[in-house]
Amino acid sequence: MKALFIGGSGTISLSIVKRLVDIGWEVWTLNRGNRGDELPESVKQIHVDINDEEGVKKALDGLYFDTIADFIVFDVEAAERDIRLFRGKTDQYIFISSASAYQKPMKSPLITEETPLENPYWEYSRKKKAVEELLFNEYRHTGFPVTVVRPSHTYDDRKFPVAVHGHNGSWQVVKRMIEGKKIIVPDSGLSFWTLTWCEDFAVGFTGLMGKKEAIGEAYQITGSDRLSWNEILSTIAEAVGGEYKPCYVPSSLLGIIGEKYGYDFTGELLGDKAYTVLFVNSKLDKISPEMCTRTSFKEGATIAAARILSDKSLQKEDPEFDAFSDRVVESMERVEKELLEI
């Protein structure tokens with residue numbers, strides 16, 4: 001079996017590539033070559049920008065793949081490009097959508113593939129929905145062999161899953177924990193969130209590959225680790241030897257003040273992380289029964305801490321978000337003090 005991955009070295013895709021190599025697939029990647037050093041030696045790498053359609057056509061001339069998966073499609077224009085490039089080149093095209101596209105606010109915390117896709121809070125999610133609609137329409141009218149995958153919060157050993165962070169990722173939040181500073185936590189930190197270790201996700205994903213019955217279908221892939229944000233963040237603090245000192249801020253308020261400083265917390269929180277969601281994965285279980293949570297979040301956080309604390313390249317400073325956090329914490333402490341004096 002032969003697979004082509006557009007991307008191939010990201011949080012989700014790298015573990016999938018490694019698993020496919022282990023189980024005997026011939027794996028190709030197509031990207032600009034920025035992080036190819038982490039790929040297994042047997043992976044055949046094509047270095048070309050996916051947006052260079054003529055360059056891609058030339059690079060793939062004469063090649064055919066059992067599965068092609070594109071991990072960097074975020075809008076309809078990119079999906080239309082892929083249809084042009086990959087029609088007649090594969091038996092299965094996998095689009096990585098997002099569980100954030102599901103209805104917000106939700107009528108029920110129990111989420112299945114039949115839950116409506118309707119997210120008024122986050123443009124990212126609405127674009128994913130639009131891509132799904134385009135691809136399924138193409139499947140119905142021309143037979144384009146699409147399978148849609150909807151991940152939720154998948155993490156690896158290169159970054160921690162936190163609720164609120166700046167433009168440079170999660171390290172600044174972790175650094176604040178190490179320094180004993182308060183961190184921003186949405187609402188009361190009591191809503192439950194589902195986390196999936198990258199290698200567990202890879203089992204579910206590869207179970208869909210090459211399966212004719214997966215064509216024309218959507219599948220959500222998540223683990224069974226359902227923890228409150230308080231539990232998640234305190235586990236990270238323990239793993240890095242820091243302290244968990246929460247500064248609770250309503251998600252709606254974070255959205256308003258974040259916008260002033262260029263942060264889309266409305267989308268990330270009211271459009272995703274602020275809700276308790278429980279994913280029902282019975283559809284995936286039927287086609288990929290090996291999928292389960294083998295790595296608990298405590299184990300995953302420990303693995304991530306060992307790598308991140310020893311690798312300076314993964315410690316991307318974010319002084320702007322640090323200053324923003326200080327302002328928010330100081331303001332909330334002042335409000336709390338004033339309320340107690342009433």
Side-chain angles (χ1 to χ4, degrees), residues 9-12 14-15 18 35 37-38 152-201 222-249 251 254 258 263 265 268-269 272-274 293-333 336:
S9 59
T11 299
I12 293 177
L14 181 59
S15 290
K18 290 179 178 179
R35 294 167 64 180
D37 57 325
E38 294 195 54
S152 185
H153 203 150
T154 305
Y155 70 104
D156 64 5
D157 63 352
R158 293 176 289 188
K159 58 183 178 181
F160 290 105
V162 299
V164 178
H165 60 78
H167 300 306
N168 290 347
S170 62
W171 169 250
Q172 197 66 47
V173 178
V174 175
K175 185 180 179 185
R176 290 180 68 88
M177 291 177 172
I178 294 171
E179 294 172 346
K181 295 182 179 179
K182 285 188 174 182
I183 64 169
I184 299 171
V185 180
D187 305 311
S188 60
L190 295 176
S191 61
F192 279 80
W193 191 241
T194 298
L195 295 171
T196 310
W197 177 244
C198 56
E199 293 176 0
D200 293 338
F201 182 92
T222 70
S224 57
D225 256 353
R226 296 160 182 165
L227 306 169
S228 71
W229 278 111
N230 286 327
E231 291 175 300
I232 292 168
L233 296 167
S234 60
T235 298
I236 294 172
E238 181 180 357
V240 299
E243 297 179 79
Y244 177 46
K245 295 181 177 180
C247 172
Y248 298 118
V249 186
S251 291
L254 274 173
Y263 301 119
F265 295 143
E268 292 191 16
L269 296 177
D272 201 20
K273 295 177 182 175
T293 295
R294 293 175 171 82
T295 302
S296 70
F297 180 60
K298 185 171 184 178
E299 293 168 329
T302 301
I303 294 169
R307 179 172 182 183
I308 293 170
L309 294 179
S310 64
D311 188 344
K312 291 290 185 182
S313 69
L314 300 176
Q315 301 173 16
K316 195 169 183 179
E317 302 276 345
D318 194 340
E320 290 185 5
F321 181 73
D322 196 43
F324 172 80
S325 297
D326 285 338
R327 285 192 290 270
V328 171
V329 169
E330 290 169 3
S331 296
M332 293 303 294
E333 288 178 342
E336 181 179 353

Distance check, rounded to the nearest 0.5 Å: [X] atom [atom1] versus [Y] atom [atom2]?
X      : Y      : atom1 : atom2 : value
Ser9   : Arg158 : OG    : CZ    : 6.5 Å
Gln315 : Asn168 : CD    : CG    : 13.0 Å
Asp156 : Leu14  : CG    : CG    : 7.5 Å
Phe297 : Phe160 : CZ    : CZ    : 7.5 Å
Ile236 : Ile178 : CD1   : CD1   : 11.0 Å
Arg226 : Ser191 : CZ    : OG    : 14.0 Å

Does some side-chain heavy atom of [Y] sit less than 4.5 Å from a side-chain heavy atom of [X]?
X      : Y      : value
Leu269 : Leu254 : yes
Phe192 : Glu231 : yes
Lys159 : His165 : no
Phe321 : Val173 : yes
Ile183 : Ser325 : no
Val185 : Val164 : no
Ile303 : Arg307 : no
Ile12  : Phe201 : yes

Assess whether a salt bridge exists between [X] and [Y], defined as any Lys/Arg side-chain N lying under 4.0 Å from an Asp/Glu carboxylate O.
X      : Y      : value
Glu336 : Lys182 : no
Glu317 : Lys175 : yes
Arg176 : Asp326 : yes

[X] side chain vs [Y] backbone, donor-acceptor pair below 3.5 Å:
X      : Y      : result
Glu243 : Ala237 : no
Thr293 : Gly223 : no
Lys298 : Thr235 : no
Asp200 : Thr295 : yes
Asp318 : Trp171 : no

Please give me the minimum heavy-atom distance between [X] and [Y], naming the atom from each residue.
X      : Y      : result
Pro186 : Ala163 : CD-CB, 3.6 Å
Tyr155 : Ser296 : OH-O, 3.8 Å
Glu320 : Tyr263 : C-OH, 3.9 Å
Ala239 : Ala305 : O-CB, 3.5 Å
Lys18  : Glu38  : CE-O, 3.8 Å

With no hydrogens and no angle check, just 3.5 Å: does a side-chain donor-acceptor pair link [X] and [Y]?
X      : Y      : value
Asp311 : Ser313 : yes
Asp187 : Ser251 : yes
Thr154 : Thr11  : no

>> Once you measure the plane-to-plane angle for Trp193 and His153, does it fall in the parallel (<30°), tilted (30-60°) or perpendicular (>60°) bin?
In response: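 Trp193 and His153: perpendicular rings.
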>> Taking atom NZ as the centre, does Lys181 end up with more than 12 heavy-atom neighbours from other residues, nucleotides or ligands that are less than 6.0 angstrom away?
In response: yes
> Do Asp157 and Trp197 pass the side-chain contact (heavy atoms from CB on, under 4.5 Å) test, and can you show the C-alpha distance, the side-chain angles, and the key distance before you say yes or no?
Replying inline: CA-CA 9 Å; Asp157 63 352; Trp197 177 244; 4.1 Å; yes
> Yes or no on side-chain contact (heavy atoms from CB on, under 4.5 Å) for Asn230 and Leu190, after CA distance, side-chain angles and deciding distance?
Replying inline: CA-CA 6 Å; Asn230 286 327; Leu190 295 176; 3.6 Å; yes
